[in-house]
**Student:** 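One structure coming up, written as structure tokens, with questions to follow.
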2 protein chains.
Amino acid sequence: MTYCVGMMLEKGIVMMSDTRTNSGVDNISVFRKMFQWSDTDRIIAVMTAGNLATTQAVVSKLEERNKAPEDREPSILKCTTMFQVANLVGELLRATIEERQMSVDGQAGGPRFSASLIVAGQIAGMEPRLFLIYPEGNFIEASADTPFFQIGETKYGRPIIIRGYDRTMSFEDGVKLLMVSMDSTLAANLSVGMPLDVLVLERDRFDPLHERRIMASDPYFQEISSSWSDALRTAFHSLPDYSFNDRDESVG
Amino acid sequence: MTYCVGMMLEKGIVMMSDTRTNSGVDNISVFRKMFQWSDTDRIIAVMTAGNLATTQAVVSKLEERNKAPEDREPSILKCTTMFQVANLVGELLRATIEERQMSVDGQAGGPRFSASLIVAGQIAGMEPRLFLIYPEGNFIEASADTPFFQIGETKYGRPIIIRGYDRTMSFEDGVKLLMVSMDSTLAANLSVGMPLDVLVLERDRFDPLHERRIMASDPYFQEISSSWSDALRTAFHSLPDYSFNDRDESVG
């Protein structure tokens with residue numbers, strides 16, 4: 001599977017993705033699922049989940065790799081708004097899935113080529129924006145009420161984001177929060193795996209503020225992973241104790 | 001959906017289930033998903049997830065409700081081992097699903113009648129045992145390596161059980177742990193809902209040590225729910241801070 005999260009903060013956007021792809025549990029590989037394009041007036045990042053051939057095709061098309069390098073003028077760098085970017089990416093995704101799906105139509109129980117994407121970025125003079133793109137090509141945008149999107153194996157890592165998120169948090173805390181969320185997911189689903197890619201987009205800055213690949217051997221990640229178990233246990237024991245007896249009074 | 005957990009401790013077994021059933025999000029009801037039978041030499045409890053008509057039919061058959069009350073001699077109270085109990089319940093489940101499924105066979109995209117069960121209990125002179133019963137009628141048993149089973153919406157509440165579980169913990173801590181796990185699930189999935197049913201089976205005791213329905217208004221549950229958010233945030237902030245800069249040295 002996959003786990004990617006994009007999270008909107010007051011200061012900008014924090015993104016994290018794993019790199020494991022699998023076709024069965026006996027066939028795993030490492031592939032990057034985070035991509036970015038930038039120019040003097042914009043930065044755009046995409047994270048991918050779902051069928052790898054589909055998502056690679058979408059990214060290749062975004063980069064116009066069918067053309068000779070000198071002829072490429074990615075239209076993602078020409079869109080005038082992030083809404084147009086989301087539309088462009090969504091349409092490419094929908095068309096890519098449809099084309100492949102039609103080619104195997106009628107094969108009962110045949111493969112599925114579905115995928116979902118997270119698109120984040122900012123174009124100069126406008127706000128940073130964060131979108132979740134569905135396989136059908138339509139999309140939703142993050143808001144103050146729902147300031148983060150997850151794709152892939154979203155459930156294990158969701159409770160801590162819901163509880164830990166604060167719009168005013170620092171980028172460093174944002175990265176830490178997504179690491180904890182990622183760690184819970186890694187512990188529960190074998191098809192999500194290290195290394196991780198991290199990208200931080202600061203508001204009104206059109207190159208990445210921070211970008212890193214976190215390896216399994218990374219000492220900070222290992223420390224987070226082990227301290228989090230202890231911190232959770234401490235948190236659990238700090239809760240008021242349940243009692244069999246005096247509770248009877250409060251139950252009708 | 002549903003969320004039920006059964007957890008084996010050194011001292012016995014702790015079980016918790018929600019009570020929400022839904023047929024679409026616009027049609028929710030409250031139904032008990034935890035059932036028990038006991039005699040002088042045994043106590044047996046079952047929790048259910050999946051199609052409600054299926055699970056109610058299985059429970060009714062276990063109670064032999066097709067017979068007049070005075071003729072009922074539930075075979076679940078005659079099995080000589082918990083393995084036999086699991087077998088009996090599994091076979092009833094499989095047959096109930098199969099019968100219903102056959103009756104609609106050929107209806108493309110027709111309804112599914114699947115269900116899963118957790119069976120827990122002890123028969124005098126033997127160990128307490130905990131089983132997860134699949135729709136196919138087969139089952140697996142909990143062990144020291146995997147001491148708990150979840151059915152229904154299992155993912156949101158899993159990380160805290162993995163981290164908080166300790167075989168030697170008190171029953172009270174066990175109930176608290178499952179409440180926290182349940183709270184994370186309730187916060188994320190509308191199809192899991194209050195009230196909760198709690199049951200504690202103490203080793204070598206053939207009536208429930210503790211049994212309670214926890215209402216949404218329960219002050220202890222409300223306290224757990226609100227303190228857990230704070231405790232998680234405190235835990236999160238107790239972790240070492242991420243830094244953009246000095247981390248560069250440790251990355252190749």
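Worth saying up front: this structure is predicted, and the values here are computed from it rather than measured. Each chain gets a letter, A, B and so on, in the order its sequence line appears, and its residues count up from 1. Note that these values count all heavy atoms, side chains included, but never hydrogens, waters or copies made by symmetry.
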**Student:** Picking from B/T234, B/L209, B/L232, which has the most non-hydrogen pairs under 4.5 angstrom with chain A?
**Tutor:**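 Top count of heavy-atom pairs under 4.5 Å with chain A: B/L232.
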**Student:** Just jot down the side chain to side chain donor-acceptor pair (under 3.5 Å) partners of A/Q122, sequence neighbours excluded, or say none.
**Tutor:**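 Only A/D204 meet the side chain to side chain donor-acceptor pair (under 3.5 Å) criterion with A/Q122.
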**Student:** Which one, A/V180, A/I224, A/D166, leads in non-hydrogen pairs under 4.5 Å with chain B?
**Tutor:**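 Heavy-atom pair counts peak at A/I224.
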**Student:** For residues 29-38 of chain B, give me every residue with a non-hydrogen atom less than 4.5 Å from any non-hydrogen atom of chain A.
**Tutor:**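 Answer by number: none.
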**Student:** At what distance, to the nearest 0.5 angstrom, does CZ of A/F236 lie from CG of B/L177?
**Tutor:**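 The CG atom of B/L177 is 4.5 Å from CZ of A/F236, to the nearest 0.5 Å.
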**Student:** Under 30°, 30 to 60°, or over 60°: which ring-plane class applies to B/H210 and A/Y242, parallel, tilted or perpendicular?
**Tutor:**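 B/H210 and A/Y242: perpendicular rings.
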**Student:** For chain B, which residues from residues 6-20 of chain A have at least one heavy atom closer than 4.5 Å to it?
**Tutor:**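 Contacts with chain B: none.
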**Student:** Yes or no on side-chain contact (heavy atoms from CB on, under 4.5 Å) for A/K155 and B/E153, after CA distance, side-chain angles and deciding distance?
**Tutor:** CA-CA 10 Å; A/K155 294 188 175 182; B/E153 174 56 275; 2.7 Å; yes
**Student:** If you count heavy-atom pairs within less than 4.5 Å of chain A, which of B/S170, B/S238, B/S217, B/A235 leads?
**Tutor:**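 When all of B/S170, B/S238, B/S217, B/A235 are compared, B/A235 has the most.
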**Student:** Considering all heavy atoms of both residues, which atom of A/F244 and which atom of B/V175 are nearest to each other, and what is their separation?
**Tutor:**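 Taking every non-hydrogen atom into account, CE2-CG2, 4.3 Å.
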**Student:** Rounded to the nearest 0.5 Å, what separation is found between the CG atom of A/D241 and the OH atom of B/Y220?
**Tutor:**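 That separation rounds to 6.0 Å.
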**Student:** Considering non-hydrogen atoms only, spot the tightest contact between A/P159 and B/Y156 and give its length.
**Tutor:**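 Nearest pair, atom of A/P159 first, then B/Y156: CG-O, 3.6 Å.
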**Student:** Any sub-3.5 Å donor-acceptor pair from A/R163's side-chain atoms to B/R233's backbone N or O?
**Tutor:**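 No.
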**Student:** Which residue out of A/D230, A/T185, A/D173, A/T154 racks up the most heavy-atom pairs below 4.5 Å with chain B?
**Tutor:**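 Of the candidates given, the most pairs with chain B belong to A/D173.
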**Student:** Which heavy atom in A/P240 sits nearest to a heavy atom in B/S227, and how many Å separate them?
**Tutor:**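 So the two residues come closest at CD-OG, 4.0 Å.
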**Student:** Looking only at heavy atoms, which of residues 186-198 of chain B get nearer than 4.5 Å to chain A?
**Tutor:**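 Listed by number, there are no contacting residues, so the answer is none.
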**Student:** Among A/E223, A/M179, A/K176, which residue meets the side chain to side chain contact (heavy atoms under 4.5 Å, CB included) test with B/L239?
**Tutor:**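 Result: among A/E223, A/M179, A/K176, A/K176 is the only option passing the side chain to side chain contact (heavy atoms under 4.5 Å, CB included) with B/L239.
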